[in-house]
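Here's the structure, in structure tokens; my notes come after.
The first residue in the sequence is number 1, and the count goes up from there. Just so you know, ligand 1 is whichever comes first in the structure, and atom 1 is the first atom listed for that ligand. Bear in mind that the values here come from a model prediction, so they are computed numbers and not experimental data.
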Amino acid sequence: MKIVFLGPPGAGKGTQAMVISRELGIPHISTGDIFRQNIKNETPLGVAAKKFIDEGRLVPDDLTLDLVNDRLAAADCKNGYLLDGFPRTLPQAEALDEKVALDYAVNVDVAHDHLIDRLSGRRVCPECGASYHITTLDGAQECAVCGNLLIQRDDDKPETIRKRLEVYEAQTRALIDFYRDKGILVDIDGARSVQEVRADILAALGSDAK
Ligand code: AP5
């Protein structure tokens, strides 16, 4: 199964993609995670991407497309994948469309005021990518999955969050209609519990896994 997850920053794409990809037995490919890994390792791609990410802007399409094309050529993508945070612009969506026939585009939507709360309270594991919120951590500072110390992402500062939401509206929201016109869009209300959102997505994908 080849799936893309759409939705604004903080909608819960990463939270859901991590579990659903495992249940479906396909790799979870998050362009944001790959950029952050490259920034951490100070690779040329990481150095180039950092200034865009720190400012809440999108990394240019040519850099992003090279990265995704390389990743999709890997052996573990043979039977499908779940793309989280890609595509994010019409040129990215068109380039992907030329190469692969997607099964579903899952659009997880949440109102902006909730997103600001979610992102400003988010804590993430820099090792495994698990995502938490301070309201449910109960004071815990370590990742429940791998035990590493949780951090706040650099781009989860209030002014960068606002910029990311503006960029989403200006450059990414149009993809909803792109995929609706292709007949593969699934709309999911992301403003409910993690479990309810997951059950809805799995039902829409035709999976019995819950
Ligand atoms: P990326 O890492 O993709 O960030 P994003 O799209 O902004 O999405 P987030 O990771 O912020 O949110 P999410 O929807 O995954 O939410 P999460 O599950 O964590 O990209 C970062 C940057 O990289 C971009 O700004 C850009 O610069 C660059 N980039 C990446 N891809 C690119 C591309 N294709 N082209 C160009 N540039 C690109 O949840 C958020 C919080 O809410 C957490 O605290 C979580 O615990 C909580 N939560 C989740 N679900 C629920 C729920 N149902 N109820 C209550 N709380 C919930």
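Between the choices R192, R122, R164, R36, the shortest heavy-atom distance to atom 53 (N) of ligand 1 belongs to R192. Between the choices Q16, K51, K13, R153, the shortest heavy-atom distance to atom 10 (O) of ligand 1 belongs to R153. Proximity annotation for atom 5 (P) of ligand 1: of R88, E55, M18, R88 comes nearest, heavy atoms only. Selection from Q195, R118, K163, K50 by nearest heavy atom to atom 47 (C) of ligand 1 gives R118.
Distance from atom 43 (C) of ligand 1 to its nearest protein heavy atom, with residue and atom name: S131 OG, 3.4 Å. Counting protein heavy atoms only, atom 35 (N) of ligand 1 is closest to Q92 NE2, 2.9 Å. Taking atom 37 (N) of ligand 1 as the reference point, the nearest protein heavy-atom neighbour is V59 N, 3.0 Å. Annotation: atom 28 (C) of ligand 1 to nearest protein heavy atom, I53 CG1, 3.8 Å. The nearest heavy-atom contact from the protein to atom 15 (O) of ligand 1 is G14 N, 2.8 Å. If you check which protein heavy atom lies closest to atom 38 (C) of ligand 1, you get F35 CE1, 3.7 Å.
Contact atoms of ligand 1 toward V194: 50 (N), 51 (C), 52 (C), 53 (N) (distance under 4.0 Å to a heavy atom of the residue). Atoms of ligand 1 found under 4.0 Å from any heavy atom of F86 (numbered from 1 in listed order, with element): 34 (N). Short contacts between ligand 1 and R57, defined as distances under 4.0 Å to a heavy atom of the residue, involve ligand atoms 26 (C), 27 (O).
Taken from CD in Q92 to CZ in F178, the straight-line distance is 11.5 Å, to the nearest 0.5 Å. In this structure, OG on S30 lies 8.5 Å from NZ on K13, to the nearest 0.5 angstrom. For the atom pair CG (D109) and CG (L115), the distance works out to 8.0 Å, reported to the nearest 0.5 Å. Taking CD of Q141 as the reference point, atom OH of Y132 lies at 13.0 Å (rounded to 0.5 Å). Separation of atoms CD1 (I188) and CG (L205) is listed at 7.5 Å; rounding is to 0.5 Å.
Under a cut-off of 6.0 angstrom, the local environment of NZ in K78 is sparse, with at most 12 non-hydrogen atoms contributed by other residues, nucleotides or ligands.
Here's the thing with P87: none of its N/O atoms is less than 3.5 angstrom from an N/O atom of ligand 1. Any N or O atom pair closer than 3.5 Å counts here, and L58 shares no such pair with ligand 1. By the 3.5 Å distance cut-off applied to N or O atoms, G121 is not counted among the residues near ligand 1. At under 3.5 Å, not a single nitrogen or oxygen of P9, backbone or side chain, sits near a nitrogen or oxygen of ligand 1. Ligand 1 has no N or O atom lying under 3.5 Å from any N or O atom of L119, backbone or side chain. The shortest N or O to N or O distance between T31 and ligand 1 is below 3.5 Å. Of the N or O atoms in T15, one or more lie within a sub-3.5 Å distance of an N or O in ligand 1.
Checking side-chain atoms of D97 against main-chain N and O of A93 turns up no donor-acceptor pair under 3.5 Å. Listed for the T172 side chain is a donor-acceptor partner under 3.5 Å among the backbone atoms of R88.
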Please table the atom pairs, donor to acceptor, closer than 3.5 Å between any side-chain atom in residues 143-159 and protein atoms at least two apart or in another chain.
unit_1 : atom_1 : unit_2 : atom_2 : d
Q152   : NE2    : S120   : O      : 3.3
R153   : NE     : D155   : OD1    : 3.0
R153   : NH2    : D155   : OD1    : 3.4
R153   : NH2    : D155   : OD2    : 3.1
D156   : OD1    : R122   : NH2    : 3.0
D156   : OD1    : R164   : NH1    : 2.9
D156   : OD2    : R122   : NE     : 2.9
D156   : OD2    : R122   : NH2    : 3.2
K157   : NZ     : D154   : O      : 3.3

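Residues passing the side-chain contact (heavy atoms from CB on, under 4.5 Å) test with D189, sequence neighbours excluded: A191, R192.
When the options N69, V68, L65 are evaluated for a side chain to side chain contact (heavy atoms under 4.5 Å, CB included) with K99, the one that passes is N69.
Of all heavy-atom pairs between A11 and V110, the closest is O-CG2, 3.9 Å.
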